[in-house]
Amino acid sequence: MTYVVTQHCVDCKYTDCVSVCPVDAFHEGDRMVYINPDICVNCDACVPACPVEAIFSEENLPASQVPYLQLNAEGAAKHPTLNRKKPALASAKNLDELKALDAQGYKPPGLP
Ligand code: F3S
């Protein structure tokens with residue numbers, strides 16, 4: 001099992017999650033972060049740290065977010081580790097805004 005970063009992270013990247021990870025399992029891409037499934041120890045620390053509810057355990061992954069399981073493994077393999085918080089992207093939205101987009105069926109361009 002692993003934890004998975006999902007759609008709400010895309011174009012937001014708040015990075016509160018990376019600073020609480022005890023094993024440096026996060027990797028930073030341009031638009032989101034990824035959890036390396038080979039490093040994640042399933043501690044659950046990152047889930048409450050994310051202000052936009054972007055992280056799920058694999059077993060609680062919503063059906064719409066299943067493609068992100070593979071995307072995390074691939075993204076982690078391609079990008080460097082990030083273990084310190086940095087400013088969120090200028091395009092970051094708050095949770096209410098993201099939930100409103102979810103209700104409209106929004107999918108970020110270029111992502112599953
Ligand atoms: Fe992304 Fe949430 Fe971490 S927006 S960078 S998963 S704190």
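First listed ligand is number 1; within each ligand, the first listed atom is number 1. If you're wondering where the values come from, they're calculated on a predicted model, not measured in any experiment.
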Mind checking whether Ile55 contacts ligand 1 via backbone (N, CA, C, O), side chain (CB onward), both or neither, at a 4.0 Å heavy-atom cut-off?
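Answer for Ile55: side chain.
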Atom 2 (Fe) of ligand 1 reached by Cys12 (N, O or S, under 2.8 Å):
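Cys12 does not place any N, O or S atom closer than 2.8 Å to atom 2 (Fe) of ligand 1.
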Do [X] and [Y] touch side chain to side chain, with heavy atoms closer than 4.5 Å?
| X | Y | result |
| --- | --- | --- |
| Val5 | Tyr68 | no |
| Thr81 | Ile39 | no |
| Gln7 | Tyr106 | yes |

Whether Cys17 has an N, O or S atom under 2.8 Å from atom 3 (Fe) of ligand 1
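Checking atom 3 (Fe) of ligand 1 against Cys17, an N, O or S atom does fall under 2.8 Å.
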Can you pull out the closest protein heavy atom to [atom]? Residue, atom name and distance to 0.1 Å, please.
| atom | result |
| --- | --- |
| atom 5 (S) of ligand 1 | Thr15 N, 3.1 Å |
| atom 2 (Fe) of ligand 1 | Cys50 SG, 2.3 Å |
| atom 4 (S) of ligand 1 | Tyr14 N, 3.5 Å |

From atom 1 (Fe) of ligand 1 out to just under 2.8 Å, does an N/O/S atom of Cys9 turn up?
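Of the N, O and S atoms in Cys9, at least one lies under 2.8 Å from atom 1 (Fe) of ligand 1, which means yes.
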For Lys107 and Ser64: C-alpha separation, side-chain torsions, deciding distance, then whether side chain to side chain contact (heavy atoms under 4.5 Å, CB included) applies.
CA-CA 10 Å; Lys107 294 286 176 192; Ser64 65; 4.1 Å; yes
Check Cys9, Pro51, Cys50 against Tyr14 for a side-chain contact (heavy atoms from CB on, under 4.5 Å) and give me the one that passes.
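Answer to the side-chain contact (heavy atoms from CB on, under 4.5 Å) test with Tyr14 among Cys9, Pro51, Cys50: Pro51.
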